Amino acid sequence: LRPSQEGSAIFGGVYGHGTSIERAGRASNECLRSQWVQVSSIASKIRALRGLFFRAVKKGFVRSVTDVTTTPTPLSHDEYELPREIRTVRLNRLKARRVMASNDIAAKRKHSVFAQLQNETKSWGGAALRRGFVAKGHGGQKRAFKVKLIGEGVNDYSGPYREAFTDSLSEVLDVDTMGLGSLGVLDQTPNGVQQIGENRGLYMFAVNGCDVSKICQVNATLSREEHDLRDSFSSLILARDEASREVEESLVFLGRITGTAFRHGIPLDLPLPMESVWKAIVEQSSDWRKRLHELDVLAHRHGEEDEGTGTKGLIAWQQRMLNAFVEGLSNVLPVEVLSLLSGEELRDEVCGNPDIDVDLLRRVVEYEGYTEEDDVVKFFWETLRELSNDERKAFLQFVWARNRLPLKESDFEAPFKILKDSGKKCGEQALPSASTCFFSLSLPEYSTKEQLKKKLM
């Protein structure tokens, strides 16, 4: 059990005294909100005028509030060592990769990196994940725990720490041919499965075999007032079963690691819907038709003709699962202040830039042994520009243990370093090597662009 204040509106939770009716986890029915008394406050007025504030001002305020809620961590006697308060998490990625390559769903949900990390931290309160310790020689990376990679012989100087997040998210996004998530956390949207609409690359909270069409079914004997009251709090009072509890527990943990990554400047590949997730978190208005269209165009077209319980079932399920995700997020972040941002701004802060900007990367590079005018350096940048965005993501994962770049230069904690590999034994047959902890690439002096591309790929 975690301290009650971590789930209250005082720290940013979704329940308790001080929570507004717009808070994620309450009603998503725009018509019913007008029936609730909304006490005028400075916060509500600021939220209504959020579009007038400069993005940098809002981001700076959110970051400053996040920083002051960081759990203090005493220094170690040895400045190069982590203090005992930074606990060690043991992850077996070798086993995780074997099970993720198999068809055994039960094994995936037990031995994936996501599941191992969840099991290792299940007894931790939010305070443990709100640490932001920076050890000397760790490239300026903030951390809440240390990662021990079983059977890999790698020391965690920040690279394995970042990889724990990126590996977990890549597993969460792994789906079968039907678009169902291997871990039962996120599924492809119907638009993605059917390859229709404009939002084919998005994922929604997993259904996990539940019949969502029954969610909005109510007793016909209820009065109109009782029906409205039930609709206002439907996401809180719906019956739960084992399948739904599994999804909710996983989403609470997904919220926890998302909040931790946000604190520590690690952008995540988390393509969630704008209308039903990001706007809901920041309390930005959006009606059910927009949310349904973003998920399922065909159901939206049918819903325009017949506004029945079946068309709203998926939306009600997503709202209910959003409760769990935001509850986990509120363990680590003061989510109250996130409503200062728009949905697009919050998504960009959490996820970074989905497109790998070569020019941005080039502006933060430092060379050791090479100069900008060396042929091999020119070959490298030309090759990087020719790669697809997915290939650039794979390269970034190779050199930095993350697959997204920050939004701008000032968000980089350390420069990208290209080092000259002066090894004489292998010559041009040598492969490039990287240190993910220090964001560096050791590059042999290849004589042709073709040779560099062959070795880099």
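Since this is a predicted model, take the numbers as computed values, not measurements.
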Using the side chain to side chain contact (heavy atoms under 4.5 Å, CB included) rule, take Phe325 and Val252 through it: C-alpha gap first, then chi angles, then the decisive distance, then the call. CA-CA 5 Å; Phe325 179 71; Val252 168; over 6 Å; no
Shortest non-hydrogen contact between Gly201 and Pro271, atoms and distance: O-CB, 3.6 Å
Any side-chain heavy-atom pair of Phe439 and Lys417 under 4.5 Å: no
Indicate yes or no: at least one non-hydrogen side-chain atom of Val89 is less than 4.5 angstrom from one of Tyr161. no
For residues Val185 and Phe253, determine if any side-chain heavy atom of one lies less than 4.5 Å from a side-chain heavy atom of the other. no
Check this for me: does any side-chain nitrogen of one of Arg362 and Glu372 sit under 4.0 Å from a carboxylate oxygen of the other? yes
Distance col, row Ser440:OG vs Leu419:CG, nearest 0.5 angstrom, shows 5.0 Å
Hey, what do you get for NZ (Lys136) to CG (Leu75), rounding to the nearest 0.5 Å? 12.0 Å
Nearest heavy-atom approach of Thr166 to Arg402 is CG2-CA, 3.5 Å
Sequence neighbours excluded - side chain to side chain donor-acceptor pair (under 3.5 Å) pairs with any residue from residues 345-355: Arg55-Asp348, Lys58-Glu345, Ser342-Glu345
Is there a donor-acceptor contact under 3.5 Å linking the side chains of Ser442 and Asp421? no
Between CG of Asp156 and CG of Leu91, what distance do you get to the nearest 0.5 Å? 10.0 Å
Closer than 3.5 angstrom, by distance alone: can the side chain of Asp374 be matched with the main-chain N or O of Val376 as a donor-acceptor pair? no
Quick check: do Leu295 and Ile315 have side-chain heavy atoms less than 4.5 Å from each other? yes
Non-hydrogen atoms of Leu329 and Leu338 that approach each other most closely: CD2-CD1, 4.3 Å
Measure from the side-chain N and O atoms of Trp124 to the backbone N and O of Leu129, and report whether any donor-acceptor pair falls under 3.5 Å. no
So CG of Asn389 and CG of Leu396: to nearest 0.5 Å the spacing works out to 10.0 Å
Ser158 versus Arg143, side-chain donor and acceptor atoms under 3.5 Å: no
Out of the candidates Arg130, Lys142, Arg263, only one should pair with Thr70 under the side-chain hydrogen bond (donor to acceptor under 3.5 Å, both in side chains) rule; please name it. Arg263
CG-CD distance between Leu183 and Gln118, expressed to the nearest 0.5 angstrom: 9.5 Å
Is Glu171 reaching over with its side chain to a backbone N or O of Ser112, donor-acceptor style, under 3.5 angstrom? no
Between Ala243 and Asn208, what is the shortest heavy-atom contact and its length? O-ND2, 3.0 Å
Which residues pass the salt bridge (Lys or Arg N to Asp or Glu O under 4.0 Å) test with Arg385, sequence neighbours left out? Asp359
Find the distance between CZ (Phe416) and CG (Leu405) and round it off to the nearest 0.5 Å. 10.0 Å
Does some side-chain heavy atom of Met457 sit less than 4.5 Å from a side-chain heavy atom of Leu387? yes
I would like to know whether Arg392 and Asp357 meet side chain to side chain contact (heavy atoms under 4.5 Å, CB included); could you show each step before the answer? CA-CA 9 Å; Arg392 292 177 188 174; Asp357 187 344; over 6 Å; no
Under the criterion ring pair (Phe, Tyr, Trp, His ring centres under 6.0 Å), which of Tyr370, Tyr446, Phe395 is the partner of Phe380? Phe395
Please report the C-alpha distance between Leu173 and Leu186 in whole Å, then the side-chain angles of each, then the deciding distance to 0.1 Å, and finally whether the side chain to side chain contact (heavy atoms under 4.5 Å, CB included) criterion is met. CA-CA 7 Å; Leu173 299 179; Leu186 299 179; 3.8 Å; yes
Looking at Asn103, I want to see if its CG is surrounded by more than 12 non-hydrogen atoms of other residues, nucleotides or ligands under 6.0 Å. no
Okay, side chain of Gln116, backbone of His111: is any donor-acceptor separation there less than 3.5 Å? yes
Short question: side chain of His264, backbone of Arg131 - any donor-acceptor pair under 3.5 Å? yes
Quick one: are Leu94 and Ile150 in side-chain contact, heavy atoms under 4.5 Å? no
Tell me whether Gln451 contacts the main-chain N or O of Thr448 through its side chain, where contact means a donor paired with an acceptor under 3.5 Å. no
Can you check salt bridge (charged side-chain N to carboxylate O under 4.0 Å, His left out) on Arg87 and Glu120, steps first, answer last? CA-CA 10 Å; Arg87 290 181 261 187; Glu120 288 277 312; over 6 Å; no
Any donor-acceptor N/O pair, Arg109 side chain to Ser182 backbone, under 3.5 Å: yes
Treating Ser276 as the side-chain partner and Pro273 as the backbone partner, does any N or O pair qualify as donor plus acceptor under 3.5 Å? no
Taking NZ, NE, NH1 and NH2 as the nitrogens, is one of them in Lys378 or Glu373 under 4.0 Å from a carboxylate oxygen of the other? yes
NZ of Lys146: more than 12 outside heavy atoms within 6.0 angstrom? no
Going by ring pair (Phe, Tyr, Trp, His ring centres under 6.0 Å), name the residues that satisfy it together with Phe412, two or more places apart in sequence or in a different chain. Trp400
Non-hydrogen atoms of Leu254 and Thr258 that approach each other most closely: O-OG1, 2.7 Å
Glu275 and Glu294: which non-hydrogen atoms are nearest, and at how many Å? N-OE1, 2.8 Å
What pairs with Phe262 under ring pair (Phe, Tyr, Trp, His ring centres under 6.0 Å), at least two apart in sequence or on another chain? none
For the side chain of Gln318 and the backbone of Phe205, is there at least one donor-acceptor N/O pair under 3.5 Å apart? yes
Working for side chain to side chain contact (heavy atoms under 4.5 Å, CB included), residues Leu333 and Thr69: CA-CA 8 Å; Leu333 294 177; Thr69 59; over 6 Å; no
Which pairs, with at least one residue in residues 184-201 and sequence neighbours excluded, count as a side chain to side chain donor-acceptor pair (under 3.5 Å)? none
For Glu382, is there an ion pair with Lys449 - N to carboxylate O distance below 4.0 angstrom? yes
My understanding is that only residues two or more places apart in sequence, or in another chain, count here; which of them pass ring pair (Phe, Tyr, Trp, His ring centres under 6.0 Å) with Tyr157? His138
Is it true that, when you exclude Lys455 itself, more than 12 heavy atoms of the residues, nucleotides or ligands shown sit nearer than 6.0 Å to its NZ? yes
Check whether the ring centres of Phe61 and Phe53 lie less than 6.0 Å apart, and answer yes or no. no
Between Val377 and Thr371, is there a side-chain heavy-atom distance shorter than 4.5 Å? no
Could you go through the side-chain hydrogen bond (donor to acceptor under 3.5 Å, both in side chains) check for Gln141 and Arg162 one step at a time? CA-CA 9 Å; Gln141 176 64 62; Arg162 289 192 291 268; 3.0 Å; yes
Please tell me if the side chains of Arg93 and Asp167 come closer than 4.5 Å, counting only heavy atoms from C-beta onward. yes
Under 3.5 Å: donor-acceptor pair, side chain of Asn331, backbone of Glu327: yes
